[in-house]
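This report concerns only the one structure given below.
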Amino acid sequence: MRNHTTFSVGGLADILIIPKDLNDIRYSIIYASEAGIPLHFIGNGSKILVSDNGIRGVVVKIAKTLDNVEVSGERLIAGAGCLLSKIIEIATYKNLSGIEFAAGIPGTLGGAITMNAGTYLGSMSDVVNNVTAIDLHHPLRTFRLRADECRFRYRRSIFLKNKIIIIKAEMKMKRSNQKEIKAKINELLNRRKRTQPIDKNSAGCVFKNPPRFSAGKLIDMTGLKGFRKGNAKISETHANFIINLGDATASDIMFLIKLAQKKVKEKYNITLEPEIILMGSFE
Ligand code: EPU
């Protein structure tokens, strides 16, 4: 899985399927359910930490497949495997504003909706109109959820439970001018370059921000910036990032996650909740 995650960490999956279309996804679900094998879905692997022991069962990676984009008036419809960067590029070209907030997020549309990914300028729930999905129990049937049925919260949605798989989504955009769209995108990308270690292998922010606090600032104030375990390090640029300096292991990263949680709890009595998703066993 190290080849399929931006952390560049993780052991073997028993089976990895990269579907080429919706039917492949359906076959994977039917196959796994008939064989009684656990089934997991991932997008671009940019928000997951996979155990050094890998993942038991089938992993279906929906990234760069199902990546068609259609524009109809002010609506933009894209496949779940489409990278956000591609959607932003097409929206900009078509003078459509609404998704600029996501500039620099390395994920797929499906992954981003699942996590309700966002930045200080907005999150996926601000732009999604509806989501077309399939249910693991009835994979031959597609259905549509309106945004208000997706149970969007800060970095959460109904899709996190992994029982409903996103196939495509429609986003509501606004006609705007290309210069303004590009300016917003550049501002975000420059800010990221200044404040985040974007040139290193990581999974972005490790923890959610607790209400009224910044997880990065809290970890920074415990003095943990630069702390290393093996080849994993709490970034000096942004303390809510753990970076892989080379061949870090998932257990090195887990050690730093627990250490940051412990120090912040001891010093500020605040519990940091991971934003990244753990896959496989961490016993
Ligand atoms: N700060 C520190 N030390 C640090 C990091 C941050 O003092 O090591 C301070 C900053 O100076 C600032 C405050 O903490 O005053 C907040 O920092 P920042 O503006 O970097 O935002 P953040 O809350 O840490 C959030 C998102 C990021 C997103 C940025 C920019 C979360 C958990 N994080 O970070 O999302 O890119 O805003 O919009 O919601 C991600 O989800 O992977 C992610 C990186």
Side-chain angles (χ1 to χ4, degrees), residues 5-9 42-50 63 83-85 87-88 97-128 152-157 159-160 181 183-228 232-244 253 256-257 259-261 263-264 267-268 270-279:
T5 58
T6 55
F7 246 144
S8 207
V9 155
I42 65 168
N44 199 35
S46 53
K47 259 295 167 211
I48 57 178
L49 175 61
V50 177
L83 288 175
L84 289 180
S85 54
I87 295 174
I88 292 168
S97 165
I99 188 93
E100 300 91 301
F101 72 85
I105 296 180
T108 59
L109 178 65
I113 293 175
T114 299
M115 311 268 323
N116 193 13
T119 60
Y120 69 100
L121 281 182
S123 45
M124 293 309 293
S125 52
D126 299 327
V127 71
V128 168
F152 286 124
R153 300 279 180 281
Y154 171 61
R155 303 294 182 264
R156 274 173 55 190
S157 78
F159 308 104
L160 260 185
I181 298 175
K184 233 193 234 177
I185 292 172
N186 285 336
E187 184 199 318
L188 251 166
L189 292 179
N190 287 333
R191 187 189 154 121
R192 254 185 209 274
K193 235 186 255 170
R194 267 196 335 268
T195 60
Q196 300 179 0
I198 53 168
D199 55 337
K200 302 284 189 309
N201 286 118
S202 82
C205 284
V206 171
F207 299 104
K208 295 181 192 177
N209 282 337
R212 300 179 310 283
F213 290 98
S214 152
K217 190 168 189 172
L218 290 168
I219 300 168
D220 189 353
M221 291 189 307
T222 67
L224 275 178
K225 261 188 177 176
F227 192 94
R228 250 176 101 158
K233 182 162 93 164
I234 297 187
S235 165
E236 275 132 350
T237 315
H238 195 300
N240 198 8
F241 280 64
I242 295 177
I243 56 175
N244 178 358
I253 292 170
L256 294 179
I257 290 175
L259 182 66
Q261 282 175 318
K263 295 280 181 197
V264 168
K267 199 158 177 193
Y268 302 105
I270 293 172
T271 304
L272 290 181
E273 193 190 323
E275 175 173 308
I276 57 172
I277 294 174
L278 306 179
M279 294 185 78

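Start at 1 and go down the list; that is how both ligands and their atoms are numbered.
- Each of the following atoms of ligand 1 lies closer than 4.0 Å to a heavy atom of R192: 36 (O).
- Assignment of Q196 to the shell around ligand 1 is supported, since a heavy atom sits closer than 4.0 Å.
- Neither the backbone nor the side chain of M221 comes within contact range of ligand 1; no heavy atom lies under 4.0 Å.
- Considering both main-chain and side-chain atoms, K208 never comes within under 3.5 Å of ligand 1 through any nitrogen or oxygen pair.
- The Y154 neighbourhood of ligand 1 comprises atoms 31 (C), 32 (C), 39 (O), with distances under 4.0 Å to a heavy atom of that residue.
- The distance from ligand 1 to the heavy atoms of K47 drops below 4.0 Å at these ligand atoms: 40 (C), 41 (O), 42 (O).
- For atom 23 (O) of ligand 1, a protein heavy-atom neighbour is found at a distance under 4.0 Å.
- With a 4.0 Å cut-off on non-hydrogen atoms, F101 does not touch ligand 1 at all.
- Closest non-hydrogen pair, L224 versus A260, comes out as CD1-CA, 3.7 Å.
- Contacts of C205 with ligand 1, taken as heavy-atom pairs under 4.0 Å, involve both backbone and side chain.
- The backbone N or O of L272 sits less than 3.5 Å from a side-chain atom of Q261, completing a donor-acceptor pair.
- Using modelled atom types, one side-chain atom of R155 and one backbone atom of G118 make a donor-acceptor pair closer than 3.5 Å.
- The option with the heavy atom closest to atom 25 (C) of ligand 1, from among N209, T119, I198, is N209.
- Inside a 4.0 Å radius of atom 11 (O) of ligand 1 there is not any protein heavy atom.
- Checked against a 3.5 angstrom limit, the closest N/O atoms of N240 and ligand 1 fall outside it.
- Residue-ligand proximity, R191 to ligand 1, at heavy-atom distances under 4.0 Å covers atoms 19 (O).
- Distance alone, capped at 3.5 Å, places no donor-acceptor pair between the Y268 side chain and the T222 backbone.
- A donor-acceptor pair under 3.5 Å links the side-chain atoms of S157 to the main chain of T114, judged by distance alone.
- Residue Y120 approaches ligand 1 through these ligand atoms, each under 4.0 Å from one of its heavy atoms: 30 (C), 38 (O).
- Closest of all the heavy-atom pairs between M124 and N116 is N-OD1, 3.3 Å.
- Residue contacts with ligand 1, taken as heavy atom pairs separated by less than 4.0 Å, involve F241 solely via side-chain atoms from C-beta onward.
- Note on ligand 1: T195 sits outside its first shell, no heavy atom being nearer than 4.0 Å.
- Set against the non-hydrogen atoms of G204, the atoms of ligand 1 under 4.0 Å away are 42 (O).
- With I243 as the fixed residue, the side-chain contact (heavy atoms from CB on, under 4.5 Å) test singles out one of K233, E236, H238, R228: K233.
- K200 places no side-chain N or O within 3.5 Å of a backbone atom of F241 that could act as its donor or acceptor partner.
- Distances from atom 26 (C) of ligand 1 to the heavy atoms of E275, R155, M115 put R155 nearest.
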T237/I198 under side-chain contact (heavy atoms from CB on, under 4.5 Å): CA gap, chis, key distance, verdict: CA-CA 10 Å; T237 315; I198 53 168; over 6 Å; no

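- Atoms of ligand 1 lying under 4.0 Å from at least one heavy atom of F207, given by number and element, are 32 (C).
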